[in-house]
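Here the structure comes first, spelled out in structure tokens, and everything after it is commentary.
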Amino acid sequence: MSEIDTTLARKLLSMAAEARTMAYAPYSGFHVGAALLFENGETVCGCNVENASYGLSMCAERGAMIAAVAKGLKDPVAVAISGEGGSFCPPCGACRQFLAEFNPDMSVILEDDGEIKFYTIKELLPVSFSLEGVACGEKKE
Ligand code: THU
């Protein structure tokens, strides 16, 4: 998978925005969509799904990654995230750790007032948790 150019980043952001329209967020009213890109070019989207028992709510990014693993996709190269109303929406700490498990070097694509911003998970979550002697992202089942 080559570098993520602006055209691809925009496409992923627009897929994330479309997934956001499917969000189930009656409690927070904050709708989030995520689009994951994998090494083979496939994409998997997710949206946040809340619950009356608030702590059970699931973020868009983790929902997308869980769906991807169920399809046999475990090598994400990028994630684009679209927040409520298209707002700047960096991934929460739990999602950073969750995605770091699969690829700490993956790109995180965010839109900020029409401007595309690129980060990496590693940059957003330095010194992430890993089991003793096993570098995060290198754990094999
Ligand atoms: N949310 C996400 O989907 N992703 C994040 O990275 C942060 C927060 C959701 C969870 C909850 O449904 C709503 O946004 C408000 O916190």
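Counting starts at 1 for both ligands and their atoms, in listed order. Throughout, residue positions are numbered sequentially from 1 according to the sequence presented. Here the structure is a predicted model, which is why all the values come from computation and not from measurement. All values below were derived from every heavy atom in this structure, side-chain atoms included, with hydrogens, water molecules and symmetry-related copies excluded.
- Inside a 4.0 Å radius of atom 4 (N) of ligand 1 there is at least one protein heavy atom.
- Heavy atoms of Met58 found under 4.0 angstrom from ligand 1: none, in either backbone or side chain.
- Side chain to side chain, Glu50 and Ser28 meet the donor-acceptor criterion of an N or O pair below 3.5 Å.
- The protein atom (non-hydrogen) at minimum distance from atom 1 (N) of ligand 1 is Cys59 SG, 3.6 Å.
- In this structure a side-chain-to-backbone donor-acceptor pair under 3.5 Å is present from Asn48 to Phe30.
- The shortest N/O to N/O separation between Pro91 and ligand 1 does not fall below 3.5 Å.
- Among protein heavy atoms, the minimum distance from atom 9 (C) of ligand 1 is reached at Asn48 ND2, 3.6 Å.
- Contact annotation: the side chain of Pro90 approaches that of Arg96 to within less than 4.5 Å [non-hydrogen atoms, C-beta and beyond].
- Close contacts of ligand 1 with Glu61, meaning ligand atoms under 4.0 Å from a residue heavy atom, involve 2 (C), 3 (O), 4 (N), 5 (C), 6 (O).
- Side-chain contacts under 4.5 Å among hydrophobic residues (ILVMFWY), followed directly or transitively, place Tyr24 together with Tyr27, Val49, Tyr54.
- For the side chain to side chain contact (heavy atoms under 4.5 Å, CB included) test, residues two or more places apart in sequence or in another chain that qualify with Thr7 are Asp5.
- Below 3.5 Å of separation, one finds an N or O of Cys92 facing an N or O of ligand 1.
- Rounded to the nearest 0.5 angstrom, Lys11 NZ and Leu37 CG are separated by 8.5 Å.
- Polar contact with ligand 1: present for Glu50 (N/O pair, distance under 3.5 Å).
- Distance from atom 15 (C) of ligand 1 to its nearest protein heavy atom, with residue and atom name: Ser28 OG, 3.7 Å.
- In this structure, the side chain of Ser53 does not engage the main chain of Leu56 through any donor-acceptor pair within 3.5 Å.
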